[in-house]
Amino acid sequence: MSIAENITEVKDSLGTCHLVAVSKTKPNEDLMEAYEAGQRALGENKVQELSDKAEALPKDIEWHMIGHLQRNKVKYIAPFVHLIHSVDSVRLLKEINKQGKKIDRIVPVLLQIHIAEEENKYGLDEQELHELLSSEAFKEMDHVDVQGLMGMATFTDDKDKVRREFKGLKKLFDKTAQQYNDEKLNLKELSMGMSGDYKIAIEEGSTMVRIGSKIFGERPGGGW
Ligand SMILES: *Cc1c(COP(=O)(O)O)cnc(C)c1O
């Protein structure tokens, strides 16, 4: 199947959920194939690769940063990134706010939550999320727009376990939105679901799935 056909197939099961096509490790020709098929939201997990591709490809592509982000690299993507999914510490959020202020841009982000029972070392836990959102430091950050939460389930064939993890994240999302949404904060996006588990994620309330190999084909060596 072609990239365009894969996108069509994935889109058929999305409903109102948005698709971020994860193009990491793939050559620009493949990204252009997705672009020609109408796909504008592309996801990358490395700053250098994302920047190079953004430079080379059409300007109306929406670039999503989905991988672990080092603070010293925020400045390279802050001017144009559409959404950073992977904010996993207060220090990183502060740096994004600082860079946003410098260029007078409010940078859209999601907070990454640790939901997998094993693996995945990145992400805030529930306690850290509450500490962040209720802190004075956060109230003073006026150059970040926290739009929601992101999480990755355990990489496993155990579908019940994956569903439990997504359910837990959705519950935390609802609770947090109810508690904190106000004039400044509007949590509305829930980024969860990848090639192997997006159907479960959608059933459990995802608003945004991040799908790579199912669209672009397997990455050599898994390509994380
Ligand atoms: C690579 C990656 C994806 C996509 O993975 P696939 O299994 O290829 O769909 C989604 N989210 C993150 C954070 C990733 O690093």
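Both backbone and side-chain heavy atoms feed into the values below; hydrogens, waters and symmetry mates do not. When a ligand or atom number is given, it counts from 1 through the structure's own listing order.
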Does the pair Lys75/Glu95 count as a salt bridge with the N-to-O cut at 4.0 Å?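 Not counted as a salt bridge, because no side-chain N and carboxylate O are separated by less than 4.0 Å.
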Side-chain ion pair, Glu204 and Lys170, N-O less than 4.0 Å: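 Here Glu204 does not pair with Lys170 in a salt bridge, since their nearest N and O are not under 4.0 Å apart.
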Close N or O approach ([X], ligand 1; < 3.5 Å):
X: Asn45; value: no
X: Lys214; value: no
X: Met150; value: no

What atoms of ligand 1 come within less than 4.0 Å of a heavy atom belonging to [X]?
X: Lys24; value: 1 (C), 2 (C), 3 (C), 14 (C), 15 (O)
X: Gly212; value: 4 (C), 6 (P), 8 (O), 9 (O)
X: Ser213; value: 6 (P), 7 (O), 8 (O), 9 (O)
X: Ile211; value: 9 (O)

Report the C-alpha distance between Ser23 and Phe216 in whole Å, list the side-chain angles of each, state the deciding distance to 0.1 Å, and finish with yes or no for side chain to side chain contact (heavy atoms under 4.5 Å, CB included). CA-CA 7 Å; Ser23 49; Phe216 292 104; 3.9 Å; yes
For Lys73, give me all partners under side chain to side chain contact (heavy atoms under 4.5 Å, CB included), at least two apart in sequence or on another chain.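 Side chain to side chain contact (heavy atoms under 4.5 Å, CB included) check on Lys73 returns Val47, Leu69, Gln70, Tyr76.
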Region of Arg219 engaging ligand 1 - heavy atom pairs below 4.0 Å: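 Side chain only; the backbone of Arg219 stays clear of ligand 1.
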Should the proximity of Met152 to ligand 1, defined as any heavy atom under 4.0 Å, be assigned to the side chain, the backbone, both, or neither?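 The answer is the side chain of Met152.
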From CA spacing to verdict: salt bridge (charged side-chain N to carboxylate O under 4.0 Å, His left out), Lys175, Glu126: CA-CA 11 Å; Lys175 210 170 92 180; Glu126 183 165 351; 2.8 Å; yes
For His143, give me all partners under ring pair (Phe, Tyr, Trp, His ring centres under 6.0 Å), at least two apart in sequence or on another chain.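 With neighbours one apart ignored, the set is empty.
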Are Asp174 and Gln178 linked by a side-chain donor-acceptor pair shorter than 3.5 Å?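 No pair is found: no donor N or O on one side chain lies under 3.5 Å from an acceptor on the other.
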